[in-house]
Amino acid sequence: MEFRIAADELKKALYRAQGIVERKTTMPILANVLVTAHKAGVTVTAFDLEIGIVSEHPAEVVKPGAVTLSAKYVFDIVQNLPDAHVTLKKLANNYVEISSGSAHFKIVGTAPEEYPKLPREESAPLVQVTGNTLLEMIKKTQFAISTDETRYILNGVYFEPQQGGKVRMVATDGHRLSLIERELQGDFKLKGGVIIPRKGLLELKRLLDEAPDAECQLGFAENSALFKKTGLTMVMRLIDGQFPEYQRVIPKEGEKAVLVPKTRLLEGLKRIALLSADKSYAVRIGLAENQLLITANNPDLGEAKDALEIAYRGNAITIGFNARYLIDVLTVTDTDEVAFELGDEHSPGVLHAPGDRSFTAVVMPMRV
Amino acid sequence: MRAIIHVDMDAFYASVEQRDNPELRGKPLIVGGDARRGVVVAASYEVRKYGVRSAMPMARAMKMAPHAIVVKPRFNAYSEASEQVFSIFERYTPLIEPLSLDEAFLDVTASVGLFGAPADMARRIRKEISAETGLPSSAGIAAVKFVAKIASDVAKPNGQREVRAEETVAFLAGLPVGRLWGVGPKTEEALKRSGLETIGDVAKRDVAWMEARWGASGRQLWELAQGIDPREVVPDREARSVGAEDTFDEDLTGMEALSPHVHSQALRVARRLRRAGVKGRVVQLKLKYSDFTLLTRRTTLPSPTDDGQTLYRVAKELLEKAHDDKSVRLTGVSVQELGMDGGGTRQLGLFSAPEKPRKSDKLNAALDRIAERFGTKAVTTADIAGNEEVEPDPTRPQKPKRPH
């Protein structure tokens, strides 16, 4: 194997691999990438047995071949090269010489045969999707994914095609839930929903962030997902299991609905949460005549209060919430105003854009 | 700027013994276990000059000071004295961070207006300790925690030392690097190899140099050497654990003999948890064998609890697994990862059914009311009845033990 490649191309390939390669694993080879040179160019493969990406790059290939190399060290090296081009040449015993300008590295590699094979998902019906839309859907749900590994089913986003070319994505950690519905034209040929794991989703987000306007394709087959864009293929295993019946916990309409200026609410929550007890982010949201009150008290520090002017008539109520959950929602809300629906101290609060429930967040109260 | 006092009792256990038994006063005294197999629990100042230190095997200590008088530890007496000492601290500030039974940090910043300069406060605290408990103590006064701790050490025995903010760097400069917080023998050796023998050597270096060599901890060491220590005094209320343990009059062997004690300890811990309004998730069982070897086993519950029977069930399982027919001198049950309950916060779930008060909560509330009026022996479980340890009425949750 011998090829000459632009340093930036190799850097891009290895950057893509960084989030996937596993450093803490019983299989040391999973910390490596598989570098393959063929006539058309070079591919760099990263795989953690759940998620795999194959990144394709133009290169002047002198001699085809393959080797696996440490993803981290080679990435570090490529970031510090003196020249805009770099040559990789496999020597005896899987050593690889990396040369760029005046610099030469001789790196230990392993035989390509030891690298685990990625599943081939050629059968997946691929659907053309708008990167921007998929990116928006990920950003507006990922924060609600559970990180509790014992709640395995909730460690991902539920991807559920709807009637008329729409797709719904739902995430919940059991305390709050976020749902978004957008047009993703095309038939995924799915019987129901599938659960995309958190890590895969975050990698997908990273890939989409590279060029949100680029055309891309998404498809599902068996128990895996396939994502493709020019020069890149990603496969990942889906979470196997039944997502909870999320519709059941989304209230149809809250008893008390108010319109709140988003930025003021967001800033108010951040301020007041500074005085929440035990770093719990516990705050109280109160509705009084034409006022929304945010209060917190911490037995060790003191108390804090902020008031926002809103249009409200009705009984005064106070409900405890985890400010973090509300902040997460407001941070990704695009509208200047947000509709906030409240019930009582045992019922969920609901946030959505005024008159538009296509992005809806449900947050359970906190007993404060 | 903060005003922090570190109070440390002098040879605490040994001093309690000397106070309670006049014949021991002024004599080389070791509080410890069996002369062949035990370890030194405490050593009086009279015996320290022979090199005897706590945690040293008894056999070695006896070789160094064959004339020393050895007494068995009486932990109940030490707990009692500790309670008294801490109640004196509470007269001066609520911000008390216990490090062990005989040592605490006091943040007296806000008390200066009431009681005068921190050094005067320290003098009064030590005088009151001496008058009310008959025990000697030492104190260090400084603007940051770790300097206060070093200062009290320097002042020992029966003294106090104030290190003013402007004196801090000079005070630290001459001390060996091993005195810096977080520097153990290995780090100390590594620092010395780099030519850093004293804290002053560290302070003189460039922070970038320290960081390049030791990373983030290099910066931290450099900051400590400048007397910068942002750690606050964390009051007892946020104690990381609540526990109960007993040293038996005679060593015990076997589940049948041990489990009633563990049961009693579990119930006591639960009562203390409920009194403090907290629940815990991690249950730990501690066993000390006759040879003073210590064994701890822990388990994490699915949800926090303050129920004694739940604690006992878990502790008993741990005991069954750990138990190996060796004779045991002490058992203890403790609960960690405490969180507020009731008055505190609890996140409600989307998919869970609305919460109802559990039957055990009601029962415990009733038992607590009975115990309040008639004492903890009034209603108890059959295995414990008649031989339950008398529970002192702690006005404060038990102080966390110094990590070993």
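Hydrogens, waters and symmetry mates are skipped; everything else that's a heavy atom, side chains included, is used. Per chain, numbering begins at 1; letters A, B, ... match sequence-line order.
- In this view, A/Gln142 satisfies the side-chain hydrogen bond (donor to acceptor under 3.5 Å, both in side chains) rule with no residue, not counting sequence neighbours.
- Taking the side chain as every heavy atom from C-beta outward, B/Phe351 and A/Thr172 approach each other to under 4.5 Å.
- Heavy atoms of other residues, nucleotides or ligands lying less than 6.0 angstrom from CD of A/Gln242 number 12 at most.
- With sequence neighbours excluded, no residue satisfies side-chain hydrogen bond (donor to acceptor under 3.5 Å, both in side chains) with A/His175.
- In the displayed structure, B/Glu232 atom CD is contacted under 6.0 Å by at most 12 heavy atoms of other residues, nucleotides or ligands.
- For the residue pair B/Leu350 and A/Val249, the shortest heavy atom distance occurs at O-CG1, 3.4 Å.
- The environment of CD in A/Gln162 is crowded: more than 12 heavy-atom neighbours from other residues, nucleotides or ligands sit within 6.0 Å.
- Among the residues in residues 316-326 of chain A, those with a non-hydrogen atom closer than 4.5 angstrom to a non-hydrogen atom of chain B are A/Asn322, A/Tyr325.
- Applying the 6.0 Å contact sphere to NZ of A/Lys199 captures more than 12 heavy atoms from other residues, nucleotides or ligands.
- Using a 4.5 Å cut-off between heavy atoms, A/Arg176 contacts chain B through its backbone alone, with no side-chain atom that close.
- With sequence neighbours excluded, the residues that form a side-chain contact (heavy atoms from CB on, under 4.5 Å) with A/Thr141 are A/Val157, A/Met169, A/Ala171, A/Ser178, A/Ile180.
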